[in-house]
Amino acid sequence: MRQMEKGKQLYEGKAKKIFVTENSKQYLVEFKDDATAFDGVKKDTLEDKGILNNRLSAIFFGLLESRGIETHYIETISEREMLVKALEIIPVEVIVRNIAAGSLSKRLGIPEGEALNKTVLEFSLKDDELHDPMINHYHIYAMELATAEEMAAIEASALKINDILTAYLKDKGITLVDFKLEFGRYEDRVILGDEISPDTCRFWDSSSGEKLDKDRFRRDLGGVVDAYREVLRRLEGGE
Ligand code: TMP
């Protein structure tokens, strides 16, 4: 870790702040302890969540880089901060699902926990005011959110990321149920941005089915930070 001059704050989201740096091609991301759900209707501060998500995201990004997936991650700067490539974020959230859960179960009536016969990709417009509505390729092209070429790259990358993370986590006794990705433009290409953490994934203990992710917060199950810590312990412990 090294000292880093933090520039002006560019953006504050629900769980992270983004700062400019002296290098126009790099941003500093600060992970906060704030947790929200249901579009910020439910709010709390969970001590150390930001530290855990910074560590976990760095581990996942490092793993993906080692497997040939370019991410925005450059290096960890401090407990809560990472240096990243300055992306122009594409305002489309990409959701990858292996097992029915959450909003898919609600929408389609498939019981939570039922394996999907084929990996499902979904897209949402990244817009809090509109509550991140689900969209499809027609909307994406009509609104010029991304080109067909960009979407092809994003989808191929999302599926490859799913394969890498699923196998890696399986080894740690964790089932990757579903997760959300965000991509952005950098130079002439589209690369992975945002975070990969228990805030943005559903992780279930492979043997007990215990939830090790933000659903503990969304559903008032308690032990949120302990669950995040358990994920980190398994990833770092080489278990
Ligand atoms: P969902 O079942 O609520 O649609 O969530 C699907 C996945 O996306 C789950 O792993 C949690 C993640 N997610 C986010 O990262 N941000 C969000 O705002 C929402 C609603 C879900």
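Since we're looking at a predicted model, the values are computed, not measured. First listed ligand is number 1; within each ligand, the first listed atom is number 1.
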Check the pair Asp34, Lys17 against salt bridge (charged side-chain N to carboxylate O under 4.0 Å, His left out), reporting the backbone distance first and the verdict last. CA-CA 11 Å; Asp34 297 346; Lys17 293 179 185 176; over 6 Å; no
Is the positively charged end of Lys25 above the ring of Tyr186, judged by distance under 6.0 angstrom from the centroid and angle within 45° of the axis?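 Yes, Lys25 lies over the aromatic ring of Tyr186.
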What protein heavy atom sits nearest atom 5 (O) of ligand 1, and how far off is it?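 Protein heavy atom with the smallest distance to atom 5 (O) of ligand 1: Arg202 NH1, 3.5 Å.
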For a quick check under 3.5 Å, do Ser103 and Arg97 share a side-chain donor-acceptor pair by atom type?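 Judged by distance alone, the side chains do pair up.
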Check: Ser57/Asn53 side-chain N/O donor and acceptor closer than 3.5 Å: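 Ser57 vs Asn53: no donor-acceptor pair found between side chains.
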Short check: is a protein heavy atom less than 4.0 Å from atom 19 (C) of ligand 1?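 Under the 4.0 Å cut-off, atom 19 (C) of ligand 1 has no protein heavy-atom neighbours at all.
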Is ligand 1 under 4.0 Å from a heavy atom in the side chain of Lys126, in the backbone, in both, or in neither?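 Near ligand 1, Lys126 shows nothing, with every heavy atom at 4.0 Å or more.
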Below a 4.0 angstrom heavy-atom separation, can you tell me which part of Ser103, side chain or backbone, both or neither, approaches ligand 1?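 The answer is both.
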With respect to atom 7 (C) of ligand 1, which of Asp213, Asp199, Leu181, Asp178 exhibits the smallest heavy-atom separation?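 Checking each option, the heavy atom nearest atom 7 (C) of ligand 1 is found in Asp178.
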Please report whether ligand 1 has a polar contact with Arg97, defined as an N or O pair separated by less than 3.5 Å (distance criterion only).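 Arg97 vs ligand 1: N/O contact under 3.5 Å present.
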Are Lys106 and ligand 1 in contact, using a heavy-atom cut-off of under 4.0 Å?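 The answer is no, since Lys106 has no heavy atom less than 4.0 Å from ligand 1.
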Matching residue for Asp199 among Lys32, Arg216, Lys49 - test: salt bridge (charged side-chain N to carboxylate O under 4.0 Å, His left out):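 Among Lys32, Arg216, Lys49, the one that satisfies the salt bridge (charged side-chain N to carboxylate O under 4.0 Å, His left out) with Asp199 is Lys49.
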